[in-house]
Amino acid sequence: MRAPLRNEAGTTLLEGLIALGVVSVGLLGMARLDTHLQETGGQAKARLQAVRLAHAKVTELRTLATRGDFESLASLPQTAAESLKGYGAAGVVATDFTRWWSIEGAGTEPTRRVAVHVGWADRFGVGRQVQVDTVITWDPPARGGALLAGNAAGKLAPSPGGRAKPGTGTVAVPTTAPNADGLWVAADDDGRFRLIDAGGKVLLLANVPGEGFSQIQGGVYVDLADPNFASRVANDDVFVVSSVSGYCAMSPAKGATPPNELLLLPGTGQARYRFFTYSCYFGANWYGNLGAVRASDANTNERVCVGDPAVTYVPPALKSDNRHPALGAVRAYRGFSGSAPYYASSGIGVRATGYSPAVYNGHDYVLSRIEGIPTDADCAGPLQRVATPANPFSVGGNATVMTPVTETAHFLGGSAIVLGNPGTVFCLTEQCPEDGTLAPPLPVTIRVSGTVERASAASSSRPTLTSLATNSGTCSLSGGTGSNPYTFDCSFTGAGFSGGQWSGELTARTGAGEFICPSAVVATPAGSTAGPAAAALETFTFAYASQPIGVAPTLQFRIGKTAGDC
C-alpha cells in the first residue's frame with residue numbers, strides 16, 4: 001500500500017543564500033546610484049555657481065561703463081585671479097573658485113570685448129572651468145536724443161527685421177512664371193506682398209501694403225584645389241542663413257531624395273569650383289547679418305572667404321566698405337541716416353526719396369582649405385576665378401551668367417563705387433560712416449586653458465615646459481616657478497570658421513631630453529581627447545575634434561625630467 005502524499009513547507013539553506021545574494025546586489029546598485037546622483041548634482045551645482053560668479057563680474061564691469069569710466073576699462077588689472085568661495089546647504093563652504101578676466105579694446109574704440117573665466121576643481125581634483133564672453137559699449141545719453149531730434153512722430157528705432165515677417169498659411173499659386181529660384185512674389189487683395197513656394201505656402205509677408213521685397217543674391221563656392229576637402233562638402237552640408245527676419249532660397253535645393261549635387265562651375269580646362277546659388281528676400285528697412293553655415297563637421301583648416309581679390313588696399317575713406325579679401329563666414333549689412341557723429345539705423349532699399357525694392361547680386365562666399373595660421377591675405381588665392389566668358393565672374397566683378405544686377409553701384413558718403421564682391425561689411429544706404437565705425441562682426445575665438453604639473457618636486461629634477469602652441473591662434477604661459485605648476489590660456493581663431501563645431505591641435509614642448517607623461521584621456525565637452533599612450537619625448541600634440549563652439553575645454557597634463565619620473 002502506497003504511503004499518503006504529504007505537503008512539504010519551509011526553505012532550504014541554498015534558497016536562503018540565493019535570496020540574500022539577490023537582495024545584496026540590489027542594495028549595492030542603489031548605493032552606487034545614490035553616489036552617482038550626488039556626484040552629478042554636485043558638479044551641476046558647482047557649474048551653476050561658477051556661471052553666476054562670471055555673470056556677476058560682467059555686471060560689475062558693465063556698471064563701470066555706465067558710470068562714465070568706459071575708457072578706463074582696458075586699464076583694469078586682468079591677470080590677477082580672485083579667490084572666491086561657493087556655498088552648499090545651510091551656508092556650508094562647498095567649493096573654492098578662482099575668477100579672472102580679460103578685456104580687449106582701448107582708448108576711444110566703441111566697444112570692449114570681455115571674457116570672464118571661473119575655474120574650480122571637482123571632487124576628484126580635475127580642473128573645471130566656465131567662460132562668459134560679452135561686448136560692453138557705452139554712448140552718451142545725449143546721442144539718443146540727437147537721433148530723435150526733429151522727429152515729431154516720436155518714432156522708435158526701426159527693427160533690424162525690417163517691415164516683413166515670416167508668413168503663415170497657404171494661398172493659390174500664381175499662374176505667372178516663378179522667379180529663377182522657383183518662388184513667386186505676389187500681392188494679395190490686401191495689397192501686401194507675399195513670398196510663395198510651389199505648394200502655395202506663404203514664406204514671407206510684407207507688413208506694409210505696396211512694399212515689395214528686396215533681395216541679396218550670390219553664390220557659395222567650394223574650392224576644388226584640394227580634392228580631399230572638396231569630397232567632404234556636399235550640397236546638403238552648407239546653407240546661407242539670415243540673422244533676423246528673411247527667407248533664403250538655395251539652388252540646388254536642400255533636403256532632396258536623393259540629395260542634389262553641387263553644380264560644377266563651367267569653364268575651360270580643369271574645374272576649380274562647385275557651387276550653389278542663393279537669393280535672400282527681406283522686407284523694407286531690413287539690416288542684419290548673412291552667413292554661410294556648415295551643418296557638417298568642419299575642421300580648423302576649412303575656412304570661408306569673402307571680398308574682392310582685385311582690392312589690395314582699402315583707403316581710409318572706404319573702411320566701412322571693407323571690400324578686400326577677408327576670412328569671414330558672416331557678412332554684416334548695415335544702413336545709416338543722419339550725420340556724424342550721430343547716426344540712426346536704416347536698412348535695405350531705403351533712400352532719401354523713400355523705399356524702393358533693391359536687389360544686390362554677386363555677394364559670394366568661397367569655402368577653401370587654408371593650412372597653418374590663416375590671415376585675410378590667404379583668401380586672395382581662393383577668391384580668384386579664371387576669367388573666361390563661360391564663367392559667371394571675372395576678377396573684381398560680375399559677368400553675364402548670374403541674375404542681372406539691378407543696383408550696379410554701392411553708395412559711400414554720397415558717392416557711388418563699382419561693386420566687386422563685398423568683404424565682411426556692406427553698407428546698404430547712400431550715406432555711410434567714413435571713419436570705420438561700421439565694424440565687421442567680431443570673430444569667434446575658442447579658448448583652451450589649464451595647468452601642467454611637474455612630476456618631480458625636487459628642484460634638481462624639475463622639468464621645463466618650453467612652449468605651447470595652437471595651429472590657428474596663440475598661447476600665454478605663466479607659472480612654473482619653484483614647485484608651482486604651469487598655467488596656460490590658448491586660443492584658436494574662428495575667423496572664417498563656419499561649422500557649429502571646431503577642431504584644432506595644441507602642441508606642447510618640453511626641455512631637451514624631457515618627457516610629456518602618458519595620460520589615457522583628456523576631458524573635453526565633446527567627450528575625450530587622447531593623451532600620449534607612453535611618455536613622449538620633448539613634444540606631443542593634443543588633437544581636439546568635433547568640439548562645440550562656445551564651450552571652453554580645459555586641459556591638464558604632467559611633464560617629467562625622465563620617463564621614470566612620470
Side-chain angles (χ1 to χ4, degrees), residues 219-240 250 252 254-256 258-278 291-307 309 325-330 364-386 391-393 443-444 446 448 469-473 492-507 524 526-530 539-549:
V220 178
Y221 294 81
V222 178
D223 191 349
L224 303 181
D226 185 328
N228 292 329
F229 165 62
S231 66
R232 284 171 41 83
V233 183
N235 182 55
D236 282 3
D237 290 341
V238 189
F239 296 80
V240 174
M250 286 158 274
K254 315 295 183 180
N260 287 322
E261 294 280 344
L262 285 165
L263 302 175
L264 183 61
L265 187 67
T268 58
Q270 184 178 4
R272 177 69 189 275
Y273 301 94
R274 285 189 177 273
F275 74 102
F276 68 85
T277 61
Y278 73 90
V293 178
R294 284 275 294 276
S296 58
D297 182 15
N299 68 46
T300 306
N301 294 323
E302 297 173 3
R303 301 300 178 103
V304 183
C305 293
V306 294
L327 291 162
V330 176
D364 306 320
Y365 303 87
V366 174
L367 278 64
S368 185
R369 180 176 176 84
I370 302 175
E371 297 183 348
I373 301 177
T375 65
D376 285 351
D378 293 320
C379 281
L383 287 166
Q384 293 285 351
R385 292 166 176 61
V386 179
N391 284 346
F393 293 95
V444 175
I446 303 103
V448 177
T470 66
N471 63 331
S472 65
F492 294 84
T493 174
F497 196 79
S498 65
Q501 299 176 325
W502 66 276
S503 302
E505 296 178 347
L506 192 157
T507 300
T524 72
S528 62
T529 293
T539 182
F540 183 79
T541 297
F542 297 89
Y544 291 88
S546 303
Q547 300 294 310
I549 287 179

Sorted by chain and residue number, the side-chain hydrogen bond (donor to acceptor under 3.5 Å, both in side chains) partners of Ser368 (sequence neighbours excluded) come out as Asp223
If every non-hydrogen atom of Phe492 is compared with every non-hydrogen atom of Ser472, which pair is closest and at what distance?
CD2-OG, 3.6 Å
State, to 0.1 Å, how close Ala326 and Cys379 come at their nearest heavy-atom pair, and which atoms those are.
O-SG, 3.5 Å
Do the rings of Phe275 and Tyr221 sit parallel, tilted or perpendicular, given the 30° and 60° boundaries?
parallel
Test side chain to side chain contact (heavy atoms under 4.5 Å, CB included) applied to Arg274 - qualifying residues, sequence neighbours left out:
Leu224, Leu262, Leu264
Between Phe540 and Phe542, does a ring pair (Phe, Tyr, Trp, His ring centres under 6.0 Å) hold up when you go through it step by step?
CA-CA 7 Å; Phe540 183 79; Phe542 297 89; 5.0 Å; yes
Once rounded to the nearest 0.5 Å, what's the spacing between atom OG1 of Thr493 and atom CZ of Arg303?
5.5 Å
Looking at Tyr365 and Gly291, what are the two nearest heavy atoms and their distance?
OH-N, 3.9 Å
Mind checking side-chain hydrogen bond (donor to acceptor under 3.5 Å, both in side chains) for Thr507 and listing every partner two or more places apart, or none if nothing turns up?
Thr541
Could you work out, with salt bridge (charged side-chain N to carboxylate O under 4.0 Å, His left out) as the rule, every residue matching Asp226, not counting sequence neighbours?
Arg369
Where Val306 and Asp364 come nearest, the two heavy atoms and their spacing
CG1-O, 3.8 Å
Please check if the side chain of Asp237 supplies one atom and the backbone of Arg294 the other of a donor-acceptor pair under 3.5 Å.
no
For the pair Glu302 and Ser296, evaluate side-chain contact (heavy atoms from CB on, under 4.5 Å) and give the outcome as yes or no after the intermediate values.
CA-CA 11 Å; Glu302 297 173 3; Ser296 58; over 6 Å; no
Closer than 3.5 angstrom, by distance alone: can the side chain of Lys254 be matched with the main-chain N or O of Val238 as a donor-acceptor pair?
yes
Partners meeting side chain to side chain contact (heavy atoms under 4.5 Å, CB included) with Glu261 (sequence neighbours left out):
none
To the closest 0.5 Å, what do you measure between CG (Asn471) and OH (Tyr544)?
11.5 Å
Take Met250 and Asn235 through the test side-chain contact (heavy atoms from CB on, under 4.5 Å) and record every step on the way to the result.
CA-CA 10 Å; Met250 286 158 274; Asn235 182 55; over 6 Å; no
Quick one: closest heavy-atom pair of Gly307 and Leu383, and the distance?
O-CD1, 3.6 Å
side-chain hydrogen bond (donor to acceptor under 3.5 Å, both in side chains) involving Glu505 - partner list, sequence neighbours excluded
none
What residue among Val304, Asn301, Thr375, Leu327 forms side chain to side chain contact (heavy atoms under 4.5 Å, CB included) with Ile370?
Leu327
Are any of the side-chain heavy atoms of Val220 and Phe239 separated by less than 4.5 Å?
no
What heavy-atom pair brings Pro374 and Asp378 nearest, and what distance separates the two atoms?
CA-OD2, 3.3 Å
